[in-house]
Visitor: 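I have a structure I would like to understand better, so I am pasting it below and will then ask my questions one at a time.
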Amino acid sequence: MISPSIRTVTVGLDTRTYDILIGDGLIDRAGAEIQARLPGIRVAIVTDENVAAAGHLARLQASLDEAGIGHAALILPAGEKTKSFDHLQQTVGAILDARLERGDAVVALGGGVIGDLAGFAAGIVRRGMQFIQIPTSLLAQVDSSVGGKTGINTAQGKNLVGVFHQPRLVLADTSALDTLSEREFRAGYAEVAKYGLIDKPDFFAWLEANWRDIFSGGSARSEAIAASCQAKADVVARDEYETGNRALLNLGHTFGHALEAATGYDSARLVHGEGVAIGMALAHRFSARLNQASPDDAIRVETHLKAVGLPTTLADVPGGLPDAEKLLAFIAQDKKVSRGALTFILTHGIGQSFIARDVPASEVLAFLQDALAGR
Ligand SMILES: NC(=O)c1ccc[n+]([C@@H]2O[C@H](COP(=O)([O-])OP(=O)(O)OC[C@H]3O[C@@H](n4cnc5c(N)ncnc54)[C@H](O)[C@@H]3O)[C@@H](O)[C@H]2O)c1
Ligand SMILES: O=C(O)C(=O)C[C@@H](O)[C@H](O)[C@H](O)COP(=O)(O)O
Ligand SMILES: [Zn+2]
């Protein structure tokens, strides 16, 4: 069934092993791909207004009809604020109203917001339903659809409520990216660059040379998506529940998540990938300040992120930020905090990240004060 133009990356998790299929036109083949793996199921599609308006919902529904798969759909507002208790309740209600059984599937058709929310609902309705990811943003295709982290935000911080719940299948239709805005494509690129900065210096150098081809939809685009999925699959297969090195995937997120919370999850001001871009630039600068890395590496990271049009400093966040103490309070809610001690992903250089436990809050505070003052 799988054509040669479709790439497959496998996430190896014993009996819960699943495939990520990457290629053009997969939404139109979704019905057949689902029927082949989960015969006889019905599905609840969860999507958002932008994705539906771009025609992807209709394509998916037509494909499900063709395969004889019964379906219901819930269309939610677009944007980070949708990852909320209110929308979780609405999603759970819609799945139950559609009378889906435990063996039926929730299908997330959209970006990471829809994937995280719908995945959480799938993880808790009837104590765990089947879950299928059809990611339509670059960020979701390279990161959020893989690995089983699901959840919602609260006023206290990002992703503070959720469950691990792996999908049974990921269908990354690269043609869906043609309707994505440039801003959102750029934001997703931050997570692509992240894999290079974590432990793949050659991949980062390749991105520096090839990012234009990735942005213009050339062959480098699907290559970058597959490489990113492979990088994430390798980490998840070794450490599904983040008891160790999976935390490296959080590079840039300790600062980035605090910024998202501090801006009230207002997607007009800051989206996740932009927060991650600023967070990665800060993590490299903070590492240099703590004499862990050369300042030249921090400059190299910032130069590349700026070249693609991503924000890299606190001053790049429109509308102003709270003071350093308040930002530190959000950081103190991070899920990597252990017995009160802050954990950061720091680096010894490009592709040499490491988990730093017990980072003194006083160092973080002084760094944030300087960063807010533009020093
Ligand atoms: N679970 C994980 O492992 C993981 C990993 C990374 C990020 N995340 C989460 O993912 C979220 C960010 O994901 P995102 O950047 O995809 O945001 P998103 O879901 O808000 O999507 C970005 C925007 O693009 C629109 N969109 C998506 N696909 C489209 C398409 N094909 N055509 C037109 N418009 C389209 C959406 O409507 C939205 O406005 C954050 O909440 C973040 O915390 C989770
Ligand atoms: O999958 C992971 O593990 C990641 O950390 C990937 C991140 O890009 C993603 O944003 C994730 O949701 C952050 O995880 P969290 O545990 O800090 O909420
Ligand atoms: Zn992320």
Side-chain angles (χ1 to χ4, degrees), residues 11 27 46-57 59 75-84 108-120 133-153 157-167 172-192 194-195 198 228 231-233 235-236 239-242 244-254 256-258 260-261 265 267-268 270-277 279-280 333-337 343 345:
V11 184
I27 292 177
V46 183
T47 191
D48 76 26
E49 286 164 352
N50 293 340
V51 175
H56 305 304
L57 174 61
R59 286 171 62 204
I75 304 174
L76 294 169
E80 189 66 36
K81 287 186 177 160
T82 294
K83 267 175 64 172
S84 66
L109 175 72
V113 164
I114 291 299
D116 282 12
L117 176 79
F120 188 14
Q133 288 266 21
I134 307 189
T136 60
S137 68
L138 178 64
L139 187 142
Q141 296 192 354
V142 300
D143 190 346
S144 64
S145 63
V146 179
K149 276 190 181 177
T150 75
I152 57 171
N153 309 317
K158 269 283 288 189
N159 300 341
L160 293 187
V161 181
V163 295
F164 284 94
H165 189 59
Q166 298 291 343
D173 183 340
T174 42
S175 71
L177 301 178
D178 296 342
T179 60
L180 191 66
S181 71
E182 261 182 54
R183 179 187 176 200
E184 293 295 353
F185 192 93
R186 264 200 301 274
Y189 181 84
E191 302 271 24
V192 177
K194 179 184 77 175
Y195 296 111
I198 290 173
S228 299
K232 183 155 185 184
V235 173
V236 170
D239 181 20
E240 182 179 4
Y241 297 109
E242 198 175 301
N245 273 358
R246 180 167 180 167
L248 294 173
L249 296 175
N250 242 232
L251 175 64
H253 286 63
T254 321
H257 278 173
E260 287 187 80
Y265 310 113
S267 298
L270 188 77
V271 295
H272 178 74
E274 294 168 343
V276 170
M280 292 193 301
Q333 284 279 10
D334 183 68
K335 295 187 291 307
K336 298 188 298 302
V337 170
T343 295
I345 310 308

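These figures come from a predicted structure and were not determined experimentally. Count residues from 1 along the sequence. We count ligands from 1, going down the list as the structure has it; atoms in each ligand are counted the same way.
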Visitor: V271 near ligand 1, heavy-atom distance under 4.0 Å?
Guide: no
Visitor: Is it true that a side-chain atom of T47 and a backbone atom of I75 form a donor plus acceptor pair closer than 3.5 Å?
Guide: no
Visitor: Would you please determine whether K158 falls within less than 4.0 Å of ligand 1 on a heavy-atom basis?
Guide: yes
Visitor: Test your reading of the structure: does D334 have an N or O sitting under 3.5 Å from an N or O of ligand 2?
Guide: no
Visitor: Looking at A176, which atoms of ligand 1 are within less than 4.0 Å of one of its heavy atoms?
Guide: 30 (C), 31 (N)
Visitor: Would you mind checking which non-hydrogen protein atom is closest to atom 4 (C) of ligand 2, with the distance to 0.1 Å?
Guide: L249 CB, 3.6 Å
Visitor: Can you report which non-hydrogen protein atom sits closest to atom 26 (N) of ligand 1, along with the distance?
Guide: L180 CD1, 3.7 Å
Visitor: Looking at atom 12 (O) of ligand 2, what's its closest protein heavy atom, distance included?
Guide: N159 ND2, 3.3 Å
Visitor: Closer than 4.0 Å to some heavy atom of H56 - which atoms of ligand 1 meet that?
Guide: 31 (N)
Visitor: Does G188 have a heavy atom less than 4.0 Å from any atom of ligand 1?
Guide: no
Visitor: Would you say K158 contacts ligand 2, with heavy atoms under 4.0 Å as the rule?
Guide: no
Visitor: Would you say the side-chain atoms of Q166 pair up with the backbone N or O of G147, donor to acceptor, closer than 3.5 Å?
Guide: yes
Visitor: Which ligand 2 atoms, with their elements, are less than 4.0 angstrom from a heavy-atom of E191?
Guide: 8 (O)
Visitor: Can you tell me the protein heavy atom closest to atom 13 (C) of ligand 2 and the distance?
Guide: N250 ND2, 3.5 Å
Visitor: Go through ligand 1 atom by atom and flag the ones less than 4.0 Å from a non-hydrogen atom of A78.
Guide: 37 (O), 39 (O)
Visitor: May I ask you to identify the nearest protein heavy atom to atom 15 (P) of ligand 2, giving residue, atom name and distance to one decimal place in Å?
Guide: K335 NZ, 3.3 Å
Visitor: Indicate, as side chain, backbone, both or neither, the part of H272 found under 4.0 angstrom from ligand 1 when only non-hydrogen atoms are considered.
Guide: side chain
Visitor: Between Y265 (side chain only) and S84 (backbone N and O only), is there a donor and an acceptor less than 3.5 Å apart?
Guide: no
Visitor: Can you tell me the protein heavy atom closest to atom 14 (O) of ligand 2 and the distance?
Guide: K149 NZ, 3.1 Å
Visitor: Go through ligand 1 atom by atom and flag the ones less than 4.0 Å from a non-hydrogen atom of K232.
Guide: 3 (O)
Visitor: Which ligand 1 atoms are under 4.0 Å away from a heavy-atom of D116?
Guide: 1 (N), 2 (C), 8 (N), 9 (C), 44 (C)
Visitor: Can you tell me which residue and heavy atom of the protein come closest to atom 10 (O) of ligand 1, and the distance to 0.1 Å?
Guide: G112 CA, 3.2 Å
Visitor: Decide whether the shortest distance between a heavy atom of E260 and an atom of ligand 1 is less than 4.0 Å.
Guide: no
Visitor: So which protein heavy atom does atom 36 (C) of ligand 1 come closest to, and at what separation?
Guide: D48 OD2, 3.3 Å
Visitor: What residue and atom, counting heavy atoms only, is the protein's closest point to atom 3 (O) of ligand 2, and at what distance?
Guide: R246 NE, 2.7 Å
Visitor: Applying a 4.0 Å heavy-atom criterion (strictly less than), which segment of L139 is in contact with ligand 1: side chain, backbone, both, or neither?
Guide: side chain
Visitor: Of the listed options (N50, D173, V113), which comes nearest to atom 39 (O) of ligand 1 when hydrogens are ignored and any heavy atom counts?
Guide: N50
Visitor: Distance to 0.1 Å, residue and atom name: give those for the protein heavy atom nearest to atom 16 (O) of ligand 1.
Guide: S137 OG, 2.5 Å
Visitor: Apply the test side-chain hydrogen bond (donor to acceptor under 3.5 Å, both in side chains) to residues Q333 and H257: give CA-CA distance (whole Å), side-chain angles for both, the deciding distance (0.1 Å), then the verdict.
Guide: CA-CA 10 Å; Q333 284 279 10; H257 278 173; over 6 Å; no
Visitor: Among all protein non-hydrogen atoms, which one is nearest to atom 30 (C) of ligand 1, and what is the separation to 0.1 Å?
Guide: T179 OG1, 3.4 Å
Visitor: Which protein non-hydrogen atom lies closest to atom 21 (O) of ligand 1, naming both residue and atom, and how far is it?
Guide: G111 CA, 4.0 Å
Visitor: Which of the atoms of ligand 2 are close to H272, meaning less than 4.0 Å from one of its heavy atoms?
Guide: 10 (O)
Visitor: Tell me, with the steps shown, if T179 and H56 meet side-chain hydrogen bond (donor to acceptor under 3.5 Å, both in side chains).
Guide: CA-CA 10 Å; T179 60; H56 305 304; 2.8 Å; yes
Visitor: For atom 2 (C) of ligand 1, what's the nearest protein heavy atom and its distance?
Guide: S144 CA, 3.5 Å
Visitor: Measure from the side-chain N and O atoms of D48 to the backbone N and O of P77, and report whether any donor-acceptor pair falls under 3.5 Å.
Guide: no
Visitor: What protein heavy atom is closest to atom 6 (C) of ligand 2, reported as residue, atom name and distance in Å?
Guide: D143 OD1, 3.5 Å
Visitor: Can you sort out which atoms of ligand 1 are near K83, meaning under 4.0 Å from one of its heavy atoms?
Guide: 9 (C), 40 (C), 41 (O), 42 (C), 43 (O)
Visitor: Do NZ/NE/NH1/NH2 and the carboxylate oxygens of R183 and E274 come within less than 4.0 Å?
Guide: yes
Visitor: Would you indicate which of E242, E260, H253, E240 comes nearest to atom 7 (C) of ligand 2 when only heavy atoms are counted?
Guide: H253
Visitor: List ligand 2 atoms under 4.0 Å from K232, heavy atoms only on the residue side.
Guide: 1 (O), 2 (C), 6 (C)
Visitor: Specify side chain, backbone, both or neither for E49, according to which of its non-hydrogen atoms lie closer than 4.0 Å to ligand 1.
Guide: neither
Visitor: Out of the candidates N159, T343, N250, only one should pair with D334 under the side-chain contact (heavy atoms from CB on, under 4.5 Å) rule; please name it.
Guide: N250
Visitor: What protein heavy atom sits nearest atom 27 (C) of ligand 1, and how far away is it?
Guide: T136 OG1, 3.5 Å
Visitor: Considering only NZ, NE, NH1 and NH2 on the basic side and carboxylate oxygens on the acidic side, decide whether E242 and K149 come within less than 4.0 Å.
Guide: yes
Visitor: Quick one: does E274 get a heavy atom under 4.0 Å from ligand 1?
Guide: no
Visitor: Would you confirm whether Q141, through its side chain, and D173, through its main-chain N or O, come within 3.5 Å as a donor-acceptor pair?
Guide: yes
Visitor: Kindly give the atom name of the N, O or S atom of E191 closest to the Zn ion (ligand 3).
Guide: OE2
